[in-house]
Structures are given as structure tokens and as C-alpha cells.
Amino acid sequence: MTRLSAALRGLVTALAALLAATAVPATARADPEPRAPGDFVALRSVDPTIIQEMRYTTRHNFVGERIDGYRQPLCILTRPAAEALHGAQTRLLRQGYSLKVYDCYRPQRAVDHFVRWAEDLDDQDMKAEFYPDVDKTRLFADGYIAEKSGHSRGSTVDLTIVELPARPTRPYHPGQPLVPCYAPQGERFPDNSVDMGTGYDCFDTRSHTLDPRVQGAQRANRLLLKSTLEDAGLVNLPEEWWHFTYKPEPYPDTYFDFPVSAKSLTGRR
């Protein structure tokens, strides 16, 4: 029995060694997360004075939940785009204003999340605020949702202007009554920005930068944002007063998918 036990123990030990040698660790099997190229930066490292209210890390957006790929409330951009915003911010600070960003680089997985949501016609939880007059079946045809976004190229930013000193924005509480994004400023969701005529991400033609229905102080505020950013090298998308892209884009044909997190900017090659 002693010799048999020793033989069995030897066989078990050899088998265990063989399995250990051929097994692939779980960490090695998992695909590593993509990282940002070296010329992507956190906006805060270029200009810490720009206010950041990263909407897609919260539930206060047209989907109604945190969006895939947004790990931290962090604005990431290509360095030229970030430096252009710094130049615009310097000009606005002299006038008693600050920029506030809502979204910057957007991973492709977030865009895919938008597409899945748009295809689910039963999910209309946030309709009353963000697309009150748009049938959800029209979101693709009308250009509000697409399978690719310029944000994923890293040089596009959604932003507004805040009068200083900045007031805090009341937090959104899921389930609270929703008000159309084009309602008067005192009625729609409170934002500490100047009055732009609509809220951010308002799926409505009133969001067109030069919509003729938007006049007075609202139009002046839009034009201030537009002229300041265009002087810094960022071009406005006419259908969205908040949407600007730095030109020329460093990556005009590349759609990235690294997560929005500080880790995506560390250990880059």
C-alpha cells in the first residue's frame, strides 16, 4: 500500500504540473482594454478652469441611464482640441464667463448603446424632456442618432457658457417630472448655463444654432459661444448649438473605443 500510495501521489503531482504548465491565466485570456493614443489628454490637465458636467456618466440624458464606456466623469480630447478650448476659455474668463463641457471624446461602445436604445421603440422614458415632438421611429432618419459619431474621433466637444460665479446645478433625480427641453428657462431642467433657448441634447429643430425662433438674449448667447469657439479653431454643427469640432482633426477617419477613464490615458505606447 505504501508503494502504491507513493505512486499515486507521484502521478497526481505530475498531472498537476502538466495542467499548470498548459493552463492560460484568466487575465491573459481576456482581451486588454484599448488605450488612448499619446496625443489624447484629460482636458483638466490643459485647463482646469473649464467646468465639466459629463452627462453620460449620469442618468440625466435621453437614454435615462449611464452610457456604456463612461467609467469616470472625465473630458478627454486630442491635445489640439483641448488647447483650442483653453484659448477660448481665456477669452471668456475676461468677460466674466466660463465654458462648461457636457461631452467630449465618446467611445464607439457608447454610440452602439445609443443605437440599441433608438431601436427599442418601447423605451421612451425620457421622451417628455429630450424629444417631446419627435417620434422615436424618426431618430435615425432625422439625424439625431447615427451608427458613427464624430465624438469618437476625439476632437469634438459638446459645451455651453456659464456666467461667473457659477451657481451649482440641481441634481437630477430619476423619476422626477420631465419638462420639454425647449420650455422657457425657468420651467425646463435647471442648468447653471446662460439661456441658449433649449437644454442640452434637445432633439428639436429649435436646437439649430440659427433657428429663427430663437432671438434676443438666447440668440446672442449662441452667437457668443459660436464666435468664441470658431475664433479658436472649432467649427459648429449647424443642427446643434452645443456641438463643435476642432479643425483640422488629427484623426479624421478613426473611431476609437477606449473607455472614458484616467486609466485609458496611462501606460500608453
Verify same cluster id: [X], [Y] (apolar side-chain graph, 4.5 Å):
X      : Y      : result
Tyr182 : Phe130 : no
Tyr255 : Ile145 : no
Val235 : Tyr102 : no

Stepwise side-chain contact (heavy atoms from CB on, under 4.5 Å) test for Thr49 and Gln89: CA-CA 8 Å; Thr49 69; Gln89 175 76 342; 3.1 Å; yes
Can you tell whether the side chains of [X] and [Y] come within less than 4.0 Å, N to carboxylate O?
X      : Y      : value
Asp123 : Arg116 : no
Asp103 : Arg106 : yes
Arg71  : Glu33  : yes
Lys127 : Asp135 : no
Asp158 : Lys100 : no
Arg79  : Asp39  : no
Arg219 : Asp211 : no

Indicate, with yes or no, if the rings of [X] and [Y] have centres closer together than 6.0 Å.
X      : Y      : result
Tyr131 : Tyr144 : no
Tyr70  : His113 : no
Tyr56  : Phe114 : yes
Tyr105 : His151 : no

side-chain contact (heavy atoms from CB on, under 4.5 Å), that's the test. Do Leu225 and Asn236 meet it? Break it down for me. CA-CA 9 Å; Leu225 179 64; Asn236 177 236; over 6 Å; no
Donor-acceptor side-chain pairing of Tyr200 and Arg55 below 3.5 angstrom: no
For the residue pair His208 / Glu240, report whether a side-chain donor-acceptor contact shorter than 3.5 Å exists. no
From the options Glu239, His243, Lys226, select the one residue that forms a side-chain contact (heavy atoms from CB on, under 4.5 Å) with Thr209. Lys226
Do Arg35 and Phe258 meet the cation-pi criteria used here (NZ or CZ under 6.0 Å from the six-membered ring centre, within 45° of the axis)? no
Side chains of Arg222 and Gln218 in contact at under 4.5 Å (non-hydrogen atoms): no
Given Thr198 and Arg188, is the side-chain hydrogen bond (donor to acceptor under 3.5 Å, both in side chains) satisfied, shown in steps? CA-CA 8 Å; Thr198 76; Arg188 63 180 182 261; over 6 Å; no
